[in-house]
Number of protein chains: 2
Amino acid sequence: MAQVSYDFFQLRFFIAVAEELNFRRAAARLNMTQPPLSRQIKLLEDRIGLTLFDRSNRSVRLTPAGESFLKSATDLMQRAEYAVLTARQAERGEVGNVVMGFVPSASLHFVPQIASALKRSMPGVKFEPIEMMSYEIAEGLQSGKLDLGLTRSATHAQEVENILLVREPFVLVLPRDHALCAVANLRVEDLHGVDFVGYSSERGGFLKDIHRALFATVGVTPDTVQEVSQTQTIVSLVNAGLGVGLVPRSASAMQMENVLFRPVAAPKEFNSTLYLNIAPNRGTPLNEKVRATILGALQPRSA
Amino acid sequence: MAQVSYDFFQLRFFIAVAEELNFRRAAARLNMTQPPLSRQIKLLEDRIGLTLFDRSNRSVRLTPAGESFLKSATDLMQRAEYAVLTARQAERGEVGNVVMGFVPSASLHFVPQIASALKRSMPGVKFEPIEMMSYEIAEGLQSGKLDLGLTRSATHAQEVENILLVREPFVLVLPRDHALCAVANLRVEDLHGVDFVGYSSERGGFLKDIHRALFATVGVTPDTVQEVSQTQTIVSLVNAGLGVGLVPRSASAMQMENVLFRPVAAPKEFNSTLYLNIAPNRGTPLNEKVRATILGALQPRSA
DNA sequence: TTGAAATGATACACTTCCTGTATCAAGCGT
DNA sequence: ACGCTTGATACAGGAAGTGTATCATTTCAA
């Protein structure tokens, strides 16, 4: 490509002549004299291999090719100006793309919250959230395909910054007709021997590890009837009556016919966490603004 | 407008550097040496007031503004090339706009035929037919608002070329239950004393004049119960049973429940005519092609 | 019919500015 | 620590654009 043989200033000359249809007046408007203008127009015609003006018997008129080229020329000039303005906005971080990978359990509450916060305070920024597995997020952040990540555990990739966004307790999700619904002040001990729908270790398995540690601490062994990888699936299976589950509190946004969410007393170290991962190319105004907006929207505690 | 301070060749330089991210390689690709390239890039940055590259610690990287400007720059280059190609097409008459005014009676048969012929053989041309009165067509052709006209009589405006496209006989349009339906080989004389729906003199009145001359020649006076300006209206009123009418044969394309069309013997000089009017700015390839296409589609006789 | 004014094209000298060569300062790899 | 590579700088040469002067042609008016 790039076989453009003419130049912007020639376009400006051409537009002036096309609008005035008079070389002298056009030259005056361009703060120059007529001969160089004539020469440049002829040069432009030579370069693009087209006759733009009909200079017959004293009157200057546009040829059909000239009319077409005039439209294109004015369009090009506008776009050329606009290019600078857009670049200025990009420099200030007002426009751009932000691609964020997030784990499925963040899709219910946090992703919508972040998306609306960004849309509100940075309308020129195109925000693209993509649901993916945590190891894919780590890869994407390092390869540069992702600008941000939202994971349950910190991403240990080099140069990736991790910010603890949220620390939320687990809540018990159980069918409406379950015996435990009647129990006030639920404790983890109450789950002993109960049918349980838990996390599999398939995708990172971070939440499964927390559960295992929590149960070990209290000395409880629930009867795990099913292991799945996504929080949404747990709630669905509980809704179907397969057993009870233990999910991050934000999952209670997922209301279903046959499920209830109940708090469970448990030590803070067994809370579920949510981290914002920031790609290594940080420091740009866009990234700074996006980061500040997300932190402001989710009121984080310090990492 | 037109405050574009940079030039196309600088865009080419910028794109090369942005793609290579190395001044020397980019210079080689551009068949030049490195120092002028560095200088032009710096000049470009000065002109647009933006830092496009991060030249820190030996590696060249695009700034956010640079990324944005790179997109715009490649887009501009493509459009700049495309502008020339489009102008070439315009020069050959392959693209452009053709605005044609036409009288209402041409809308049934001829306008669709012309439109489809143009669409078939000149797909890049935008054809815009506008229904208007004949005097408006004459005005439009002279003022340059119209490229073509379609009228029943030649347009006597200066420099306007008239081509006789069609010479068609009048046919009798009459209600299905009318007494004349039974008559074989209808003649004009048969209309004596019959209820007649004719043309008014409101819009040019050319067709009314032909009728009057025709009736005078044969010595017949129909009983004119209604005068209207449009052929379509005549057919509608006949369909409603108000009387019979005499309309150009092409109007028989307008089928209605309660009407029949019948040929009427009449001398050729009383045929209805249809003229193609060509605006004074003729001679362009586009106009020539459009003219040839229309003539080919309607198989005209010589004017 | 004729002369004055205006139009775009051409010729040539001047100036501008872009290019290439030579060179420099700074950072990376060995 | 040395050499290689990177982009930036200085300067001379040359290409190219500009302005002044002028021409040929056409239009308008007297």
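All chains are named by letter (A, B, ...) in the order of the sequence lines, taking the proteins before the strands, and each is independently numbered beginning at 1. Atom set for the values below is all heavy atoms of this structure, side chains included, hydrogens, waters and symmetry mates excluded.
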May I ask you to check whether B:Ser38 and B:Gln34 show a side-chain donor-acceptor distance below 3.5 Å? yes
Heavy-atom donor-acceptor pair, B:Ser107 side chain to B:Val103 backbone, under 3.5 Å: no
Under 3.5 Å, which protein N or O atoms sit close to an N or O of nucleotides 20-23 of chain C? Give each pair with its distance.
from	atom 1	to	atom 2	distance (Å)
C:dG20	OP2	B:Thr33	N	3.3
C:dG20	OP2	B:Thr33	OG1	3.3

Separation of D:dA16 atom C1' from A:Lys42 atom NZ, nearest Å, is 16 Å
Would you say the side chains of A:Arg152 and A:Ser105 form a donor-acceptor pair under 3.5 Å? yes
Whole-Å distance between C:dC17 P and B:Asp7 CG? 12 Å
Residue pairs fulfilling salt bridge (charged side-chain N to carboxylate O under 4.0 Å, His left out) with at least one residue in residues 25-39 of chain B, sequence neighbours excluded: B:Glu19-B:Arg29, B:Glu20-B:Arg25, B:Glu20-B:Arg29
In terms of heavy-atom contacts, A:Leu50 and A:Ala65 come closest through CD2-CB, 4.2 Å
Over how many whole Å does the gap from B:Phe23 atom CZ to C:dT19 atom P extend? 14 Å
Picking from C:dT10, D:dT18, C:dA9, which would you name as closest to the side chain of A:Arg39? D:dT18
For the pair made of CZ in B:Arg55 and P in C:dG27, what is the distance, rounded to whole Å? 15 Å
Whole angstrom is fine here: how far is it from CZ in B:Phe9 over to P in D:dG17? 11 Å
Which nucleotide in C:dT19, C:dG8, D:dT6 has an atom nearest any side-chain atom of B:Asn22: D:dT6
Contact class for A:Leu37 (heavy atom, under 4.0 Å): base, sugar-phosphate, or nothing? nothing
Whole Å only: how far is the CD1 atom of A:Ile41 from the P atom of C:dA9? 10 Å
How about B:Thr63 and B:Glu67: does a side-chain donor come under 3.5 Å of a side-chain acceptor? no
The side chain of B:Leu43 lies closest to which of these nucleotides: C:dA9, C:dC18, D:dG7? C:dC18
Nearest-Å distance, CZ (A:Arg61) to C1' (C:dT7)? 16 Å
Using the ring centroid of each side chain, check whether B:Phe13 and B:Phe23 are separated by less than 6.0 Å. no
Check the distance between D:dT9's P and B:Gln40's CD and give it to me in whole angstrom. 14 Å
